Amino acid sequence: MANTTIDDVTWTSDEMMAVAAARELSDGTVCFVGIGLPSTAANLARTTHAPHVVLIYESGCIGAKPDRIPPSIGDGVLSVTADAVVGVPEIFAYWLQAGRIDVGFLGAAQVDRWGNINTTVVGDYGAPKVRLPGAGGAPEIAASCSRVIITLRHNERALVEKIDFVTSLGHGDGNGERERLGLRGHGPQAIITDLGVLRYDDTHRQFVLSEVHHGVSVDEVRAATGWNLVVADSVHETAVPTSEELRALRSFTGT
Amino acid sequence: MANTTIDDVTWTSDEMMAVAAARELSDGTVCFVGIGLPSTAANLARTTHAPHVVLIYESGCIGAKPDRIPPSIGDGVLSVTADAVVGVPEIFAYWLQAGRIDVGFLGAAQVDRWGNINTTVVGDYGAPKVRLPGAGGAPEIAASCSRVIITLRHNERALVEKIDFVTSLGHGDGNGERERLGLRGHGPQAIITDLGVLRYDDTHRQFVLSEVHHGVSVDEVRAATGWNLVVADSVHETAVPTSEELRALRSFTGT
Amino acid sequence: MTAFSTLAEAIAHNVHDGDRIALEGFTHLIPFAAGHEIIRQGRRDLTLVRMTPDIVYDQLIGMGCASKLIFSWAGNPGAGSLHRFRDAVERAIPSPLAIEEHSHAGMATRYATSASGLPFGILRGYAGTDLPSVTENVRFVTCPFTGESLAAVPALDLDVGIICAQQADHDGNVMLWGITGVQKETVLSARRSIVLVEEIVDKFTPRVNGVVLPSWVVGTVVECPSGSFPSYAQDYSERANDFYAFWEPISRDRERFLAWMDAHVLGTATNSEFIASLQTTDFEVARG
Amino acid sequence: MTAFSTLAEAIAHNVHDGDRIALEGFTHLIPFAAGHEIIRQGRRDLTLVRMTPDIVYDQLIGMGCASKLIFSWAGNPGAGSLHRFRDAVERAIPSPLAIEEHSHAGMATRYATSASGLPFGILRGYAGTDLPSVTENVRFVTCPFTGESLAAVPALDLDVGIICAQQADHDGNVMLWGITGVQKETVLSARRSIVLVEEIVDKFTPRVNGVVLPSWVVGTVVECPSGSFPSYAQDYSERANDFYAFWEPISRDRERFLAWMDAHVLGTATNSEFIASLQTTDFEVARG
């Protein structure tokens with residue numbers, strides 16, 4: 001993690017990524033949250049610019065309002081602060097599958113230019129080089145949320161030309177695969193990394209670089225991307241984290 | 001309703017029917033209970049010889065222990081005395097359909113010699129003579145409970161040669177239809193009326209008269225049955241209601 | 001976000017002629033007041049959906065609001081027939097009523113299916129009965145793993161779902177408890193929803209078997225005390241069992257039914273007026 | 001009727017070599033103590049089923065109890081990989097582990113399907129992913145009403161379902177609350193069930209989000225305080241997040257793992273002894 005300092009304020013590239021992800025959530029958004037950076041970003045949004053964001057955890061907690069970032073998706077702090085707690089079959093059937101969720105946050109071990117995600121295996125499925133945790137809630141989050149935001153650290157092993165296993169479908173081959181399969185969400189709209197932000201572009205039918213974080217060059221992003229990265233006509237610099245954002249973020253993460 | 005008196009104790013034929021039905025439930029039986037006589041009989045069993053009978057109402061009440069007979073299947077007295085209250089989709093899916101119920105009680109407007117039940121319509125479906133309430137929970141109670149007990153008043157319009165509509169399948173045509181259709185419960189085992197008790201007989205492949213209530217002759221039962229009734233080799237008389245049974249019954253029904 | 005409004009506004013804005021609507025309640029929490037308001041506003045050609053259509057559906061049918069009923073058990077529980085329903089089905093009075101009937105298990109599956117955003121649901125049901133022969137909406141599918149045949153029923157596709165609940169808070173979250181039936185599924189199955197509550201509270205007290213519907217899935221909340229009368233709201237009221245018996249002879253005679261509806265429903269503007277109007281009638285006299 | 005027994009008896013009577021078993025818990029109420037006892041009793045060739053196999057499944061796999069894992073997310077939540085699982089899958093250490101993997105939605109559907117007595121369940125899922133290409137247990141069916149394609153998954157067909165809950169009463173009724181996950185479905189999906197409870201009480205106090213399993217669907221109840229450690233039981237314990245972190249380097253090194261299991265699991269006879277054994281180790285030292 002690189003540090004950046006401006007006017008005596010210092011932040012890490014992971015903090016920049018969390019802040020950028022949080023800003024994607026407008027107030028009132030209903031958000032399906034996985035553990036780790038998604039949970040951090042969603043709670044950051046909730047305690048800064050989006051107090052009415054609704055956080056839904058796959059453990060069945062609807063409208064959780066934790067005062068610290070839980071280390072798992074099933075912590076007690078989620079259930080006791082939730083508006084409602086339902087069983088796991090219900091959270092997937094009545095809430096996610098039914099299309100009631102605006103935004104799903106997903107991480108990835110590998111992602112391609114169409115936002116297809118691998119969290120299953122590096123190498124061959126039958127003889128894996130690295131066995132990853134697997135699908136979890138991701139395939140249906142990717143399918144059913146109105147839009148999906150992917151967050152991961154930016155490097156050539158993560159943003160790859162071809163993923164080893166399609167755990168969760170993004171835009172498929174970029175030629176209408178979601179629509180052909182009848183998926184009802186619009187799929188991944190942003191890939192937020194520690195270097196910048198890629199957004200899905202309907203003209204190019206792939207993710208294009210749209211923002212770079214402070215101190216990051218477009219060439220650096222290109223070099224850290226495993227495919228031939230398309231760059232938007234105008235790439236702007238992400239607004240640096242405000243001290244309010246950093247204070248809120250650190251109060252959660254205890255740093 | 002006819003009255004019977006022995007040794008200064010008097011009971012109605014409906015009371016005899018309720019008592020005979022209650023006796024079908026051994027202690028610990030898990031029983032799916034509809035409103036009316038089934039609810040009366042099940043609660044009578046629970047407060048006399050079968051204190052651990054488990055009453056399940058389709059409103060979602062599991063293990064209800066009402067102190068009076070509720071006029072509907074959704075009375076507050078059922079939910080507040082229940083071991084658990086679940087939603088209606090769950091009661092049918094997780095509890096009835098899954099085959100967890102020992103005995104289902106069903107009423108009928110019409111029943112045939114195989115225990116097939118009509119509660120839908122008298123006359124033609126498209127131009128009904130009498131439109132009845134319809135299926136309710138009965139088709140799946142008939143399909144999924146281990147055994148079914150049918151209770152109704154005995155007359156030629158009720159126990160008929162051919163029912164006008166199959167709302168709930170009993171033994172179909174008596175030739176293995178349940179098995180062919182994959183139904184998992186054993187189907188109706190007894191028809192308890194105000195005149196006597198018919199039991200399903202595997203040899204005759206139909207219901208046969210097995211008991212007559214006190215003061216009722218086999219010929220009377222034959223005359224009140226719309227099909228050519230098969231009578232068991234030895235028909236015995238139902239034991240008359242005990243004063244304990246009558247006391248418990250009347251404390252429920254307020255008579 | 002949830003809207004708060006009067007019952008009259010909620011019905012006017014959400015229920016249109018020709019809509020497919022459900023006023024659900026399994027004995028408990030039946031939204032009678034909403035049915036009365038639909039009658040007052042003279043809606044026509046409604047497709048009424050409910051597992052257990054009872055008196056309020058009898059009233060809607062008798063007053064000519066409905067052209068179709070989708071149901072699984074139509075009766076006056078513990079008291080007798082729905083005579084207005086029977087007149088419609090048996091004699092097309094006041095107009096023909098198309099019916100589509102299911103079992104409770106089938107209807108419950110349809111609610112859960114709709115709430116789940118699926119086009120169909122499966123159950124072990126209907127096999128060997130005549131029900132599939134009288135509707136297109138029971139079919140059979142084959143298990144792709146075992147080859148077994150199972151019944152399939154379609155989602156309900158509701159325009160409006162209307163329920164009663166005990167409480168809402170000021171943010172529009174809704175809480176109900178006791179027998180919860182298919183109340184949650186009714187709201188989650190419908191494009192638009194109306195929830196009548198006994199009261200609006202600052203904060204919910206946790207309840208046994210409490211079901212909370214978050215505000216962002218609730219369309220309109222109406223504060224409507226006794227909106228479920230003669231049904232009940234656990235911990236607020238008792239079921240008026242005597243009203244169900246009282247209704248039997250009224251409903252049996254169409255002229256008497258029309259006079260009663262005229263006096264107590266059409267002749268009142270709100271649910272409070274309706275409840276007050278009962279004080280002066282045979283019903284309260286019979287209660288003693 | 002429910003049996004009451006010790007944990008050792010419950011495992012001995014219910015869990016046999018070759019069984020298909022689930023020790024469920026969604027972060028909350030994970031039956032660690034039951035996993036440890038299965039290891040002590042040396043069960044082999046188990047098919048392990050769970051949505052979120054975590055440390056206790058890593059232990060079962062590392063100790064050679066399992067020949068197959070059916071799951072949707074295998075990790076040490078918040079801490080890292082399951083190294084014993086990875087060693088089994090990547091290098092067949094200590095023996096090959098067959099895997100069948102699903103999404104959470106698919107596994108949740110399978111539990112609900114099994115609890116419902118259906119042979120298969122349907123969901124909007126798996127479409128466009130590579131998951132159907134690596135298992136026979138994801139297929140696609142066509143909606144008989146709309147023609148849409150939907151994923152189908154089979155029932156789980158569990159021999160044994162094991163969960164933790166907070167309380168049982170003397171009749172063997174079980175109550176749990178907080179995050180309830182698929183605990184109810186695990187019991188209702190299995191031929192035999194074991195429920196580890198924090199305590200046996202005379203009477204339940206109603207709880208928010210309380211789930212009651214009546215005694216007649218509960219196989220065996222075991223009073224086993226802290227049976228979920230390092231997971232937790234809402235209102236009895238807090239999740240030992242530091243244990244999950246503590247475990248990461250132990251699990252990473254097979255020799256260290258075996259030594260730890262030898263000292264703390266094989267070297268203890270009961271869950272109380274296991275918990276006591278931790279007092280004397282680096283774990284409690286690290287806690288300070």
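So that the names make sense, note that chain A is the first sequence line, chain B the second, and so on, each numbered from 1. Treat the numbers as computed from the prediction; the structure is a model and nothing was measured.
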Original post:
When rounded to the nearest 0.5 angstrom, what is the spacing between SG in B:Cys145 and CZ in B:Phe105?
Top reply: 10.5 Å
Subject >> Side chain / backbone / both / neither for B:Thr119 at chain C, heavy atoms under 4.5 Å >> reply: neither
Original post:
Considering only heavy atoms, which portion of B:Glu58 lies under 4.5 Å from any heavy atom of chain C: side chain, backbone, both, or neither?
Top reply: both
**OP:** Just give me the residue among C:Asp235, C:Thr180, C:Thr129, C:Val208 that pairs up with chain B most often, heavy atom to heavy atom, under 4.5 Å.
**Re:** C:Thr129
Subject >> Residue among C:Arg239, C:Glu90, C:Arg86 with most heavy-atom pairs under 4.5 Å to chain B >> reply: C:Glu90
Subject >> Residue among B:Glu177, B:Gln97, B:Glu90 with most heavy-atom pairs under 4.5 Å to chain C >> reply: B:Gln97
**OP:** With a 4.5 Å cut-off on heavy-atom pairs, point out which of C:Phe85, C:Tyr111, C:Tyr244 contacts chain B the most.
**Re:** C:Phe85
Subject >> Lys/Arg N to Asp/Glu carboxylate O, C:Glu185 vs C:Arg110, below 4.0 Å >> reply: no
Subject >> Closest-packed option against chain B by number of heavy-atom pairs under 4.5 Å, given C:Ala105, C:Ala79, C:Gly25 >> reply: C:Ala105
**OP:** With a 4.5 Å cut-off on heavy-atom pairs, point out which of B:Ala82, B:Ala138, B:Gly76 contacts chain C the most.
**Re:** B:Gly76
**OP:** Heavy-atom pairs under 4.5 Å with chain B are the metric here; pick the option from C:Gln234, C:Glu238, C:His28, C:Arg91 that has the most.
**Re:** C:Gln234
Original post:
Between B:Arg184 and chain C, which part of the residue has a heavy atom less than 4.5 Å away: side chain, backbone, both or neither?
Top reply: side chain
Original post:
When heavy-atom pairs shorter than 4.5 Å are enumerated against chain C, which of B:Leu169, B:Val86, B:Ile91, B:Leu78 gives the highest number?
Top reply: B:Leu169
Subject >> Residue-level interface, residues 122-136 of chain B with chain C, non-hydrogen cut-off under 4.5 Å >> reply: B:Tyr125, B:Pro128, B:Lys129, B:Val130, B:Arg131, B:Leu132, B:Pro133, B:Gly134, B:Ala135, B:Gly136
Subject >> Check: C:Asn76 side chain, C:Ser81 main-chain N or O, donor-acceptor pair, under 3.5 Å >> reply: no
**OP:** Mind ranking C:Gly106, C:Pro77, C:Ala112, C:Gly128 by heavy-atom pairs under 4.5 Å with chain B and telling me who comes out on top?
**Re:** C:Gly128
